[in-house]
Amino acid sequence: MSVRGRGEESWPRPDRCRIISVANQKGGVGKTTTTVNIAASLAMHGNRVLVVDLDPQGNASTALGMERSTDSRSIYHCLVEDEELRDLARPVPDIPNLWCVPATIDLAGAEIELVSLVARESRLKRAFAAYDYSDLDYILIDCPPSLGLLTVNAMVACEEVLIPIQCEYYALEGLGQLLRNVELVKSHLNPHLAISTILLTMYDGRTRLAAQVADEVRSHFGDLVLNTMVPRSVRVSEAPSYGQSVMTYDPGSTGAVAYMEAAREIAYRAKAVVGS
Ligand code: ADP
Ligand code: MG
């Protein structure tokens, strides 16, 4: 595999914007890495993509080169203070067609502040409704490592959930709870919600355990699991400290190639979904 010619090839664009939450209440499974690199890959192949950083830690914002300052506006101001998304989305440096609504540490208080607001589960959905995203192809929402109100807002506002699963012991623990939450949101708040994609991350082909976990996930989730698995790659973990995705930091690395392949699968599945 090679990333030569990247950017030359255009992938299909969905008929309408696909809004995808990247969720798993476990921390450190690759949600942010997946959000950032899938978004960058899609943008590099002719799609227009917005990343919404919904994690108070703001790791996706950092990895996309959003500068941090305490007074900068963020998704917090949208959720809690009704600011418009269009005023908060900023272009990502060096990657045309990619925008980010950053998170700031204010967001850490949002779980609590949201509790007393009207329609607290639908704040993000409402913000999307007021935002003309007809010229976007994808909105990717990077969820925090919990199943609290922020993640519920993401699930109410999207149609698809992408679950990254780290290929290690305990990988499947907690997954039942995540699936039950998706079902709850689907039955009470968002009938259009579905788990569309599972991505196996941090795969270490040298261990039997990783292969066993991958087999187990595939036998449980079948076609939802992307064929591509993302290997452990030092370059992937280095990229954020340079304010970059691995797609720009080291496009030839195994991690970048894998994320590009995974994004390609997602883009081509869109056609299948729309056409089915
Ligand atoms: P989450 O958002 O689920 O908490 P992250 O995407 O932040 O997870 O990943 C957790 C840590 O693992 C980060 O330090 C990240 O750089 C690292 N990481 C993620 N994917 C890979 C990978 N494929 N290879 C090596 N390190 C990775
Ligand atoms: Mg994260």
Side-chain angles (χ1 to χ4, degrees), residues 1 3 20-41 51-66 68 74-75 100-105 107-108 110-111 140-148 150-151 153-155 161-175 177-178 181 197-207 209-211 213-214 217 225-226 228-263:
M1 281 187 291
V3 290
I20 306 177
S21 293
V22 181
N24 187 330
Q25 78 274 27
K26 259 193 191 184
V29 299
K31 288 181 292 297
T32 299
T33 306
T34 296
T35 304
V36 164
N37 292 302
I38 295 287
S41 300
V51 169
V52 174
D53 189 351
L54 213 53
D55 185 345
Q57 300 199 7
N59 294 336
S61 310
T62 306
L64 291 173
M66 300 288 109
R68 293 255 204 141
S74 80
I75 191 66
C100 177
V101 177
T104 50
I105 196 67
L107 195 57
E111 293 270 6
L140 266 58
I141 308 170
D142 186 27
C143 292
S146 76
L147 292 170
L150 288 170
T151 297
N153 264 271
M155 289 189 182
V161 181
L162 187 170
I163 304 177
I165 296 180
Q166 186 181 353
C167 297
E168 56 143 43
Y169 196 57
Y170 293 134
L172 304 174
E173 199 185 59
L175 219 50
Q177 200 186 357
L178 175 60
N181 269 263
T197 312
I198 310 259
L199 176 62
L200 294 163
T201 63
M202 291 181 249
Y203 184 78
D204 182 349
R206 295 166 305 181
T207 69
L209 177 65
V213 171
V217 171
V225 188
L226 297 182
T228 308
M229 300 190 279
V230 179
R232 246 183 208 292
S233 146
V234 175
R235 309 302 267 170
V236 169
S237 57
E238 286 173 354
S241 57
Y242 296 90
Q244 286 189 47
S245 71
V246 76
M247 313 312 300
T248 48
Y249 175 65
D250 187 354
S253 62
T254 54
V257 172
Y259 269 115
M260 198 198 69
E261 287 301 323

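We count ligands from 1, going down the list as the structure has it; atoms in each ligand are counted the same way.
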Amino acids in close contact with ligand 1, where any non-hydrogen atom sits under 4.0 angstrom away: Gly27, Gly28, Val29, Gly30, Lys31, Thr32, Thr33, Met202, Val230, Pro231, Arg232, Ser233, Val236, Ser237
From Ile20 CD1 over to Leu140 CG, what is the distance, rounded to the nearest 0.5 angstrom? 5.0 Å
Taking only residues at least two apart or on different chains, which pairs with a member in residues 231-251 satisfy ring pair (Phe, Tyr, Trp, His ring centres under 6.0 Å)? Tyr242-Tyr249
For the pair Ser21 (side chain) and Ala23 (backbone), establish whether a donor and an acceptor sit closer than 3.5 Å, ignoring hydrogens and angles. no
Restricting to side chain to side chain donor-acceptor pair (under 3.5 Å), what partner residues turn up for Asp53, sequence neighbours left out? Ser61
CG of Leu199 to NZ of Lys31, rounded to nearest 0.5 Å, is 12.5 Å
To the nearest 0.5 Å, what is the distance between CG (Leu150) and CG (Leu107)? 5.0 Å
Determine whether a donor-acceptor pair (N or O, by modelled atom type, separation under 3.5 Å) exists between the side chain of Ser253 and the backbone of Arg235. no
Can you list, by chain and residue number, the protein N, O or S atoms under 2.8 Å from the Mg ion (ligand 2)? Thr32 OG1
Among Asp55, Asp142, Asn59, Asn37, exactly one meets side-chain hydrogen bond (donor to acceptor under 3.5 Å, both in side chains) together with Thr32. Which residue is that? Asp142
Positive for side-chain contact (heavy atoms from CB on, under 4.5 Å) with Asn24, one of Val161, Val29, Thr151, Thr34: Val29
